[in-house]
Amino acid sequence: MHHRKRLVRTTLVAVSTAALGVGVLAAPPASADPSTALRSAKAAVSTDSTPSTIAAEWIAGELRDGLMVGSSGPDFGLTIDTGMALTTVASQSGTVTAINNSLEPRIAEYVGDGTKESYAGPLAKAAAFSRVAKKNPTSYGGINLITRLEERTANVPADPTAEPQAAAFAGRIFDKSEYGNYANVVGQSYAVRALTLANSSEAGAARDFLLKQQCASGYFRADFDKADVPNQSCTEGVAGSAADPDATALAVINLVESGDKSPAVVGALAKAGTWLADRQRGSGAFRAAAPVSKINTNTTALGGYALGLLKNRNAAQKAALWIRKNQPVDKYKCRTALTKDTGAVAYRKDRATGATTSGIPADARDEWRRATSQAILGLQFAPASKDQLRIVSARKQARAGERVQFRVFGLAPSESACLQVKGDFVRVKGKKTGDKIVRKLQLPTGNQRRVALVKTSDDEARTSLRVRN
């Protein structure tokens, strides 16, 4: 059973919310309607929409005129990541529209001018966003993103035996730029998604090349071989073919969202899902590939979301629980310097601990935005509470100054709450099992009835007892 306030939020996830932004925005809002794949993955599991909702509310507040802005100006890539994540949160349809309205007129700044500069990965990612924002990728900001992407996708040679090297990288994406070619496996996975959904004649070759980047163990590598290397496939144990959990998770996500049900894709997804599940730690977290090589919320969120889409719901829930632990919710009497940023998700636990006294440092804000934009996805599978939120006192009356036991029911696993009475408070987190939490609070002076409360980010419950001096 969901909390009273949560019941509305959780129900909203499954319906189109096109009406939510009416009267706020001039243009009709893009529908923040979760994809068919996400709806299917969540159909048989009870989830709590609160953590993804408050994360979405925080990151929506970080936008400036519909864009994420960093020290060097608009960050279009992070803006798109944010927009794509927000399409999974029912209440954010208006924000998705605001992002689109600011991004579309400036999309050439991200994808290149189409002549001297044309960037394959950004073209593919922009096309994927335009589709979830209910826009047309063939006329986005006056640009046919699909045609441009096809131009950056290597053709299948008419006679492969005459052009063996051309055949080796058929379907591979390439940047056109005086600054170099930075196309990689992540961009390739977005290209497969965009080209497949557009029914492009080049979708099959792009897909086949992506599947060549999967090693025998099931993981995808992050980077391609150089174009002059005869073998363009991932080969375990060879330099350049190291496992990458982020690239693997994004390949899974984009292949699932492409809707390609071919045997080759089904097999690749099964192998990737097994590999990801084997790499998940007991805590639910995932470790990033080198050079980061650390457990973090970005890698965990992508891995958990990918496994969720593959309907490995236990693994997805474990990841969501770990992410939720890195989402500080210190409100009411438990206030800290992070209270004004409730909903934000820390990249790592130590970042949250350090920010409780000083707040999020200005130079770290970008890291929190990147962590939160991806955390929204992983939090989609956060398990719901088993009961309605309530608090029970172990005693009906007590003396002032005594420490009295209180029992809290209905906290979702890993959910933060503040248990308080006048003069005392304690922070609590929901158990993984969802069972009751037992804590003691010291009672204040005064001959009167006192109220003890438990408060979460969006709900509260109370009880009272008689206090005598």
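Positions are given from 1, in the same order as the sequence printed here. We use all heavy atoms of the structure for the numbers below, so side chains are in, but hydrogens, waters and symmetry mates are not.
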J.: Donor-acceptor check, side chain of D341 to backbone of A344, threshold 3.5 angstrom: yes or no?
T.: no
J.: Under 6.0 Å from the NZ atom of K135, do we count more than 12 heavy atoms belonging to anything else shown?
T.: no
J.: Starting from the C-alpha separation in whole Å, work towards a yes-or-no answer on salt bridge (charged side-chain N to carboxylate O under 4.0 Å, His left out) for R324 and D48.
T.: CA-CA 11 Å; R324 195 169 191 177; D48 184 355; 3.2 Å; yes
J.: If you define the side chain from C-beta out and look only at heavy atoms, does anything of K311 sit under 4.5 Å from S40?
T.: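 Yes, their side chains come closer than 4.5 Å.
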J.: With a cut-off of 6.0 Å (strictly less than), are more than 12 heavy atoms of other residues, nucleotides or ligands near NZ of K431?
T.: yes
J.: If you count the non-hydrogen atoms of other residues, nucleotides and ligands that lie under 6.0 Å from CG in D350, is the total more than 12?
T.: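 Enclosed: over 12 neighbouring heavy atoms sit under 6.0 Å from CG of D350.
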J.: Taking all non-hydrogen atoms of both residues into account, name the closest pair between K429 and K325 and its distance.
T.: NZ-O, 3.9 Å
J.: Please evaluate residues Y332 and F425 with respect to the criterion ring-ring contact (aromatic ring centres under 6.0 Å, His included), reporting the C-alpha separation (whole Å), side-chain torsions for both, the decisive distance (0.1 Å), and the verdict.
T.: CA-CA 10 Å; Y332 314 107; F425 68 89; over 10 Å; no
J.: Centroid-to-centroid, F224 to F209, below 6.0 Å?
T.: yes
J.: Would you compute the distance between atom CD of Q214 and atom SG of C234 and round it to the nearest 0.5 angstrom?
T.: 8.5 Å
J.: Distance-only criterion, 3.5 Å: show the donor-acceptor pairs between side-chain atoms of residues 123-133 and protein atoms not counting sequence neighbours.
T.:
from	atom 1	to	atom 2	distance (Å)
K125	NZ	D81	OD1	2.9
K125	NZ	D81	OD2	3.4
S130	OG	A127	O	2.8

J.: Checking salt bridge (charged side-chain N to carboxylate O under 4.0 Å, His left out) against D75, which of R365, R106, R370, R369 comes through?
T.: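 Checked R365, R106, R370, R369 against D75; only one passes salt bridge (charged side-chain N to carboxylate O under 4.0 Å, His left out): R370.
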J.: Parallel, tilted or perpendicular for Y110 and F76, by the 30°/60° rule?
T.: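 Rings of Y110 and F76: tilted, as their planes differ by 30° to 60°.
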J.: Quick one: which residue pairs count as a disulfide bond (SG atoms under 2.5 Å apart) with a foot in residues 69-153, not counting sequence neighbours?
T.: none
J.: Considering non-hydrogen atoms only, spot the tightest contact between Q327 and P51 and give its length.
T.: NE2-O, 3.0 Å
J.: Can you check whether W322's main-chain N or O pairs, donor with acceptor, with N326's side chain at less than 3.5 Å?
T.: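 Checking the backbone N and O of W322 against the side chain of N326, a donor-acceptor pair under 3.5 Å is found.
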